[in-house]
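In what follows, a structure is listed as structure tokens, so that the remarks can point back to it.
Computed from a predicted model, the values in this text were never measured in an experiment. Each chain gets a letter, A, B and so on, in the order its sequence line appears, and its residues count up from 1.
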Amino acid sequence: MAKDILVIIEHEDGKIRRGSLEALALARKLGRDLDLRPVAAILGCGVQALAEDVARSGADEVFQIEDELLRGFTPGAFGTALHTLLEKVQPEWVLMSHSYQAQDLLPLISARFGAPVISDAAGVEIEDGEPVFLRQPYDAKLVARTVDRGPAPRFATLQAGAFPSDDLPKNHEGRVAAQDANLDESVIKRREVKIRAATGKTVDLSSSDIVVAGGRGFGDKEKFEALVGEFAKVLGAGMGASRPVIDNDWLPHEHQIGSSGQTVSPRLYFALAISGAIQHVVGIRGAQVIVAVNKDKDAPIFNEATYGIVGDVHEILPELTKIAQEMKEN
Amino acid sequence: MKILVCIKQVPDKDAKLVLDASGSGIVETQVSWEVNEPDRFALETGLRLREARGDGEVIACTIGPERARKALQSALAMGCDRAIHLVDPDFQNGDPMANARALAAVAGKEEAELVLCGSRSDDAGYGQTPMLLAGLLERPAAFLTIGVSLEGETLEVVRELEATRQETFNLELPAVLSIQSGISDVRYTSLKGIMAAKKKPVVQPSPAELGLSVENLGSKGSRLTVLGMAPPTKSSQCEFIEGDPATAAKDLFEKLRRDAKVF
């Protein structure tokens with residue numbers, strides 16, 4: 001009997017998260033290539049309908065793990081239940097979307113098997129019957145072809161949006177295996193867990209037609225405010241920023257674009273002095289036209305851009321503002 | 001109370017990376033090195049917790065060759081009390097699991113109640129060593145900590161979530177926290193701090209002194225292998241606009257209007 005490739009499914013507000021479907025699609029593909037059975041695990045409280053949904057979407061078997069203590073996410077409860085499941089199922093591979101939950105959870109489990117996680121893989125190739133994962137170290141300046149040659153189970157997390165999920169079936173005849181986790185409350189170490197919006201204020205860039213975003217390359221807060229602020233004002237654009245700008249307090253957190261901030265899909269996006277770390281790029285993939293200005297011609301942002309200008313934003317941005325101003329006046 | 005802060009020395013963010021002859025590493029002599037950015041926030045967090053409590057010890061630890069001594073000197077100059085340098089060749093070039101084993105042994109030997117790490121290194125960027133470490137130590141942990149305070153033996157943790165949300169909870173010590181960049185302002189090092197750092201102890205324990213077998217450490221103890229590295233293949237989509245700033249700006253808007261039709 002074929003061994004398993006297991007996907008840990010995340011869900012939120014009664015829906016399966018898209019990244020988990022991408023992971024399921026990859027599990028099905030690797031399953032065909034490596035002769036493994038694509039299976040899934042879903043944890044929660046009252047998730048039978050979701051489990052059936054996963055089975056229809058292409059998992060041969062879905063382990064539906066139910067417990068009152070799995071109602072909200074904690075690594076204690078989820079980790080304990082998954083560890084028990086992995087000991088039982090003994091999959092060859094465990095896949096998960098490279099979500100914040102995966103990063104908060106998966107290494108805690110993999111460590112117990114003596115295994116690291118091939119994290120944030122942006123691609124996979126089969127070479128000599130072995131999956132070779134493509135990771136992006138050094139802030140995506142390089143691609144590293146990475147393999148795990150340790151014993152099963154092996155673990156990998158997948159970059160959001162890097163693997164297509166559109167070829168999943170709609171009426172796959174997978175089966176659901178429901179089981180109780182029988183968790184003891186003592187496994188939960190986090191107490192008084194509360195989730196809230198990061199700030200009281202909200203800046204909704206998701207509906208902006210044009211978004212102007214700046215990065216670390218502006219050097220200081222005054223220059224950032226003067227140059228990016230003026231350009232955004234002239235264009236009537238929303239103003240955004242990459243993480244280093246927020247960390248340096250040049251702009252409040254609600255302007256952050258990327259995995260820990262907002263996802264935007266404007267008609268036109270300006271990435272000014274933004275290198276293009278993947279945490280930023282995942283937030284802008286829906287933009288129709290991306291203009292990148294960066295002094296480093298090898299900056300990864302140019303891989304995402306429609307138009308690129310290699311140069312110093314301090315020189316180029318005033319010119320862009322000038323032309324935008326002329327255009328506005330005409 | 002003992003706080004262990006694990007740091008890493010990485011190439012500076014603007015470094016031009018040149019692949020080495022093996023194709024699976026970079027030429028180390030061609031880059032300048034700095035303390036990994038999130039790790040500086042982890043150091044700051046450790047120092048603030050010690051200061052708030054009014055007693056205790058902050059120990060900086062790194063795995064790395066001789067050059068990494070400089071990262072420990074920066075940590076000591078910021079105010080750490082002492083440092084541990086895992087410099088033995090058997091510790092080097094490990095995958096996150098091999099590194100976590102070495103750091104777990106240090107945390108165990110030091111009986112550190114709290115272990116802090118940066119959330120992710122700017123080089124390999126696996127972003128999991130702190131959580132593997134927590135798994136090995138069987139301690140509670142949190143990934144992407146953006147706020148922390150300590151009341152008695154209870155940590156109040158704020159953790160970053162996706163889509164501008166955050167999660168708060170309490171954790172009992174001993175614990176492991178992965179610290180996100182931006183958690184607080186990192187202090188500048190004073191000349192006095194730099195002078196004082198020179199007198200602070202830096203020890204270099206061997207694997208045997210930590211009770212570790214070399215088969216489980218460094219490159220020998222690693223399951224993950226990088227077969228090769230290469231620059232990303234360029235998407236041909238990007239149209240580069242040349243010329244001096246004024247010309248380039250004019251051409252860009254012309255293309256946005258005429259070709260992309262966004263204006």
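Across all non-hydrogen atoms, the minimal contact from A:S119 to B:G125 is OG-O, 4.4 Å. Smallest separation of non-hydrogen atoms from B:L132 and A:A111: O-CB, 3.6 Å.
Distance check, rounded to the nearest 0.5 Å: CD1 of A:I301 to SG of B:C238 gives 9.5 Å. Considering CE of B:M97 and CG of A:D148, their distance stands at 11.5 Å, rounded to 0.5 Å. Rounding to the nearest 0.5 Å gives a distance of 11.0 Å between CD1 of A:I309 and CD of B:E239. Note that the CG atom of B:D95 and the OG1 atom of A:T146 stand 10.5 Å from one another [nearest 0.5 Å]. For the atom pair B:L227 CG and A:E125 CD, the distance stands at 10.0 Å (nearest 0.5 Å). B:D185 CG to A:D249 CG: the interatomic distance, rounded to the nearest 0.5 Å, is 6.5 Å.
Both the backbone and the side chain of B:D123 have a heavy atom closer than 4.5 Å to some heavy atom of chain A. Heavy atoms closer than 4.5 Å to chain B are found in the side chain of A:I323, but not in its backbone. With a threshold of 4.5 angstrom between heavy atoms, A:V293 does not approach chain B through any atom at all. Both the backbone and the side chain of B:F263 come within contact range of chain A, judged by heavy atoms closer than 4.5 Å. In this structure, chain A has a heavy atom under 4.5 Å from the side chain of B:Q180, while its backbone stays farther away. Interface remark: A:F113 contributes backbone atoms only to the contact with chain B (heavy atom separation under 4.5 Å). Residue A:I290 does not touch chain B at all, counting heavy-atom pairs closer than 4.5 Å. Contacts of A:A115 with chain B are made by both backbone and side-chain atoms, with heavy-atom separations under 4.5 Å. Heavy-atom distances place the side chain of B:L252, and not its backbone, under 4.5 Å from chain A. Proximity to chain A is limited to the side chain of B:F253, based on heavy atoms less than 4.5 angstrom apart. Using a 4.5 Å cut-off between heavy atoms, B:R101 touches chain A through its side chain atoms alone. For chain A, no part of B:V10 is nearby; none of its heavy atoms comes within less than 4.5 Å. For B:A15, the part lying under 4.5 angstrom from a heavy atom of chain A is the backbone only.
Ranking A:R154, A:R243, A:H98 against chain B, the residue ahead of the rest is A:R243, based on heavy-atom pairs under 4.5 Å. When each of A:P244, A:G258, A:P137 is checked for heavy-atom pairs under 4.5 Å with chain B, A:P137 comes out on top. Of the listed residues (A:E326, A:K322, A:E192), the greatest number of heavy-atom pairs within a distance under 4.5 Å of chain B belongs to A:E192. Across B:E172, B:R139, B:K255, the residue that shares the most heavy-atom pairs under 4.5 angstrom with chain A is B:K255. Among the candidates B:A249, B:G135, B:A260, the residue making the largest number of heavy-atom pairs closer than 4.5 Å to chain A is B:A249. Put simply, of B:L144, B:L136, B:L161, the one with the most heavy-atom pairs under 4.5 Å next to chain A is B:L161. Counting heavy-atom pairs under 4.5 Å between each of A:P318, A:G114, A:G283, A:G311 and chain B puts A:G114 at the top. Contact count against chain A (heavy-atom pairs under 4.5 Å) is highest for B:G182 among B:S119, B:G182, B:P140. Taking B:A142, B:G228, B:P11 one by one and counting their heavy-atom pairs under 4.5 Å with chain A, the maximum is reached by B:G228. For the set A:R112, A:K189, A:K141, the entry with the most heavy-atom pairs within less than 4.5 Å of chain B is A:K141. The most heavy-atom pairs under 4.5 Å with chain B, out of A:T157, A:V193, A:L106, A:D139, come from A:V193.
In this structure a side-chain-to-backbone donor-acceptor pair under 3.5 Å is missing from B:R223 to A:V147. Checked by atom type and distance alone, the side chain of A:R135 never pairs as donor or acceptor with a backbone atom of B:V226 at under 3.5 Å.
Counting heavy atoms from C-beta on, the side chains of A:F133 and B:L224 never come closer than 4.5 Å. Residues A:T74 and B:E167 are not in side-chain contact: their nearest non-hydrogen atoms beyond the backbone lie 4.5 Å or more apart. At least one side-chain heavy atom of A:Y138 sits under 4.5 Å from a side-chain heavy atom of B:M229. The side-chain heavy atoms of A:E319 and B:D244, taken from C-beta on, include no pair separated by under 4.5 Å. At least one side-chain heavy atom of B:D14 sits under 4.5 Å from a side-chain heavy atom of A:R216. A 4.5 Å side-chain heavy-atom check between A:L142 and B:L19 finds at least one atom pair inside the cut-off. Side-chain atoms of A:I188 and B:F169, non-hydrogen and from C-beta on, never get closer than 4.5 Å to each other. Considering only heavy atoms from C-beta on, A:P116 comes within 4.5 Å of B:Q128 through its side chain.
Between A:R18 and B:E162 no salt bridge is recorded (no basic side-chain N to carboxylate O distance below 4.0 Å). Contact check on A:D296 versus B:K13 returns no salt bridge, with no Lys/Arg side-chain nitrogen under 4.0 Å from an Asp/Glu carboxylate oxygen.
Here the options are A:I109, A:V117, A:D104, the test is side-chain contact (heavy atoms from CB on, under 4.5 Å), and the partner is B:M131; only A:D104 passes.
Within 6.0 Å of CZ on A:R190 lie more than 12 heavy atoms contributed by other residues, nucleotides or ligands. Summarising the local packing, CD of B:E254 is surrounded by more than 12 heavy atoms from other residues, nucleotides or ligands at distances under 6.0 Å.
For the pair B:R159 and A:Y100, the cation-pi criterion (under 6.0 Å, within 45° of the ring axis) is not fulfilled.
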